[in-house]
Each structure stands twice: as C-alpha cells, then as structure tokens.
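The first residue of the sequence shown is numbered 1, and numbering continues consecutively from there.
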Amino acid sequence: MRQDRGHAMLRPEVRTLALDRQSDEPIGDPVGEAGPHWVDQAAKTMEAGGAGVERVNRVRHGLAGAGDERRAGAGQVHLAVTQQNAALVGQAAAAAASMQEQAAQLSRMAGVLKLGQLTHGRARTAAGPVNGCAQQEQARPARRTLCAHCARPAVACICRWISPVESAVRLLILQHPMEVSNAKGSARLLHLSVAGSRLVAGEVFDPAQLGELLAAEGRRAVLLYPDTPDDRSLGMPAPPPLPPELLHAPGQLLLVVLDGTWRKSRKMLYLNPLLHALPRLPLNGMPPSRYRIRKAHAPDQLSTLEATCHALGEIEGDHDKFLPLSRAFDDLIDAFVLHQGRL
C-alpha cells in the first residue's frame, strides 16, 4: 500500500523528467529548412522588378526623346514657313512698288501726250486750214461708216473685188458669229460674188429655220465637210453616204458651207443635229492655199472661198469658171498685206 503510494508520488516527477528530457532533444527547424528557398524566390522577384523598372525607365526616356525631336521638327517647320512668308511678303511689296512706279510713269507720259495734242489743236485753230486740209477731212469718210452693199466699214469696203459668177449649185453659207466682223474673212466676198447664194450667221440655229433653209427649192443638201471619224467619240453619228448621182445633177444640189475656224465649224456641226444627217462632200486634189493672212493648222486647209470655189468647180466640171473669183480674192489678200491689215 505504501509502496503503491510511493509509486503514485513518483509518477508526477517521472512525467516531469520525461517531459524535460523530451524538451532537451533537438526539434526540427522549418525555417532553417525552407528559408533558402524563400530567399531565392524573393531575390528573383526583386531582380524581375528591377528589370521591369529599368524597362519602364527606358521607355519613358525614349518617349521623352521623341517628344523633344517632334518639338524640334515643329520648330524648324515653323521657322521655314515664317521665312518663306517673309520672302513672299517682300516680293509682293517689291512688285507693288514697281507697279506703282510704272503707273506714275504712264500717267506722266499720258499728261505729256494730252498737252501735246492740246497745243497742236490750238495751233491749227489759230493758223486755220492749210492747203485745203479741212476740205480733205470733210471729204474723208467716217471711220465707222458702213458700206450699204458689203456691210463693211467704208475704209475697208470690198466691193471692188466682187467678181459675179453664176452657178447651177445653190450655195448656203452658215457663218459663225465671230466671223461676221472679221476683216480677214472670205465668206462675205463669196456670198456677194456667187449669184443666188445665202449667208446666215449663227452658231446654234433654230431647227425649224434651219430645216427650211436646207429644204429650199426642193434641192438635196450636201455638207462641204470632210469625214471626221473622231467625231464618233462626241456622240455624232456617221454621216450618210453621198449618192454618186447627185454629183451629176448640180441643178438639184444645195451646197452647205460652214464658215469659221476649224474649231468653230466643228462646234457648229456638233450643236446642230440637222447637219449630222447631211451627206458630206470631201475635197480631193486641192491646190495649196494662198490664204496667207491666216494661219492654217494643216497644208490642205483652205479658206471658205477657196474651198467653195474648188468644190463648185469639181461638181460642175469647170474650174476655169470660178478662176476670176479666186484671182479677185488673191488681189484682196495682197491689198490686205500691203495696208498691214487695215482693210
């Protein structure tokens, strides 16, 4: 009993010693075993973070450099534009000054001329007419007085070159408005020389009026115009073929002639569809033009008078019949050249 009690008393002590003994034994250190791994991970993370920061810094520096370059480029462009504007302003100012100086010089010259004319007029009034000059001035026709027959200014009358000629072919001359008052034109002389011809001015004709002109006297109208295939691109149809029998019956023909430059006559043809339906009479074996007062775009281009005389001679088979008119036209050209275009 006492022995059991002793054992019982020893048990707590033994248990305490056992616990002390167990506490003296080394205990596993988890930090010591996992520490190096976490240190390595932390180092790698810090290195990655440092590399990222370095990359961000490089990008930021690059953007800053690009911004500096852009600002520098913009400054250069602004400087160049400013310099160019300054140069233009300088040139404009110099031109304005030069024009102002020229205007002043012209004004002075005009004043001198006006003073000279005034002095000359006063001298003539005081001295009176000399050698019948007053009578000569009164007899001289006015500059703008028109001849009642040729409708040209009296100083440029062409009536003395009219050479009357009869033709079995009726002649219709459609004249461009810009050719009516052209001193170099030949249509007026042609109309006044060929009996029974008609001269009508216009660019776009009324279809009803043009239809009546083309159907005059029941004749067959033929257009004196070359075949131009390029006109197909403008929407104009191909002209109908010319019946050969018409050329053997001049009494049934109405020859339609377009008076104007090549460009003007082509425009007249394009703007008047009734002319599209006419058969065309091309000219072959034409003589060289003597119409030297107007520039031709091709060697075979003749004046209206030359082309018409050649066509009438071909149809009637008698070129000599129209030679007097051609020679009269040559004389008109010689006079025009002699008077330096003042006819």
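Val204 is connected to Leu214 through a chain of hydrophobic side-chain contacts under 4.5 Å among Ile, Leu, Val, Met, Phe, Trp and Tyr, so both are in one cluster. At a threshold of 4.5 Å between side-chain heavy atoms, the hydrophobic network of Ile, Leu, Val, Met, Phe, Trp and Tyr places Phe205 and Met178 in two separate groups. Taken together through direct or relayed side-chain contacts under 4.5 Å among Ile, Leu, Val, Met, Phe, Trp and Tyr, Val180 and Leu146 form parts of separate hydrophobic clusters.
Taking every heavy atom of both residues into account, Arg219 and Gly251 meet most closely at NH1-O, 2.9 Å. The nearest pair of heavy atoms linking Leu213 to Arg198 is CD2-NH1, 3.3 Å. Across all their heavy atoms, Leu278 and Leu274 have their closest contact at CG-O, 3.8 Å. Residues His248 and Pro244 share a closest heavy-atom pair of CD2-O, 3.3 Å. Heavy atoms only, all atoms of each residue included: Ala328 and Ser163 are closest at CB-CB, 4.2 Å. Residues Leu223 and Leu275 come closest through the heavy atom pair CD2-O, 4.2 Å.
Side chain of His276 to backbone of Leu269: a donor-acceptor contact under 3.5 angstrom is found.
With contacts defined as side-chain heavy-atom distances shorter than 4.5 Å, the pair Asn272/Leu174 does not qualify. Residues Ile162 and Cys159 meet the side-chain proximity criterion, which asks for heavy atoms closer than 4.5 Å. Residues Arg220 and Pro243 form a side-chain contact, since some pair of their non-hydrogen atoms from C-beta on lies under 4.5 Å apart. By the 4.5 Å heavy-atom criterion applied to side chains, Val222 and Ile315 are not counted as neighbours. With a 4.5 Å cut-off on side-chain heavy atoms, Pro164 and Ser193 do not count as touching. Inter-residue side-chain proximity for His319 and Leu323 is flagged as unmet; no heavy-atom pair is nearer than 4.5 Å. With contacts defined as side-chain heavy-atom distances shorter than 4.5 Å, the pair Arg170/Leu255 does not qualify. Looking at Lys321 and Val165, their side chains come closer than 4.5 Å, going by heavy atoms from C-beta outward.
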Go through it in stages, so that I can follow the logic: the residues are Ser167 and Glu316, the test is side chain to side chain donor-acceptor pair (under 3.5 Å), and I'd like the CA-CA distance, side-chain angles, deciding distance and then a yes or no.
CA-CA 8 Å; Ser167 175; Glu316 298 193 16; 2.6 Å; yes
Decide side chain to side chain contact (heavy atoms under 4.5 Å, CB included) for Val257 and Leu171; before the verdict, give the C-alpha distance in whole Å, the side-chain angles of both, and the deciding distance to 0.1 Å.
CA-CA 8 Å; Val257 179; Leu171 187 61; 3.6 Å; yes
For the pair Val200 and Ile173, evaluate side chain to side chain contact (heavy atoms under 4.5 Å, CB included) and give the outcome as yes or no after the intermediate values.
CA-CA 6 Å; Val200 183; Ile173 307 170; over 6 Å; no
List the steps and the verdict of side chain to side chain contact (heavy atoms under 4.5 Å, CB included) for Leu281 and Leu247.
CA-CA 9 Å; Leu281 175 65; Leu247 299 180; 4.0 Å; yes
Given side chain to side chain contact (heavy atoms under 4.5 Å, CB included), test His149 with Leu192 step by step and report yes or no.
CA-CA 9 Å; His149 187 52; Leu192 295 175; 4.2 Å; yes
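The structure places CG of Asp227 at 11.5 Å from CG of Leu242, a figure rounded to the nearest 0.5 Å. From Met268, atom CE reaches atom OG of Ser265 across 7.5 Å, with rounding to the nearest 0.5 Å. One distance of note links CH2 of Trp161 with CG of Asp330; it measures 12.5 Å at 0.5 Å rounding. For the atom pair Leu305 CG and Phe329 CZ, the distance stands at 5.5 Å (nearest 0.5 Å). How far CG of Leu258 is from CG of Leu172: 9.0 Å, rounded to the nearest 0.5 Å. To the nearest 0.5 Å, the span separating OG1 on Thr304 from NE2 on His191 amounts to 14.0 Å.
With respect to the salt-bridge test (charged N to carboxylate O, under 4.0 angstrom), the residues Lys264 and Glu179 qualify.
For Glu166, the CD atom sits in a loose shell: 12 or fewer heavy atoms of surrounding residues, nucleotides or ligands are nearer than 6.0 Å. Within a 6.0 Å sphere centred on CD of Glu314, other residues, nucleotides and ligands contribute more than 12 heavy atoms.
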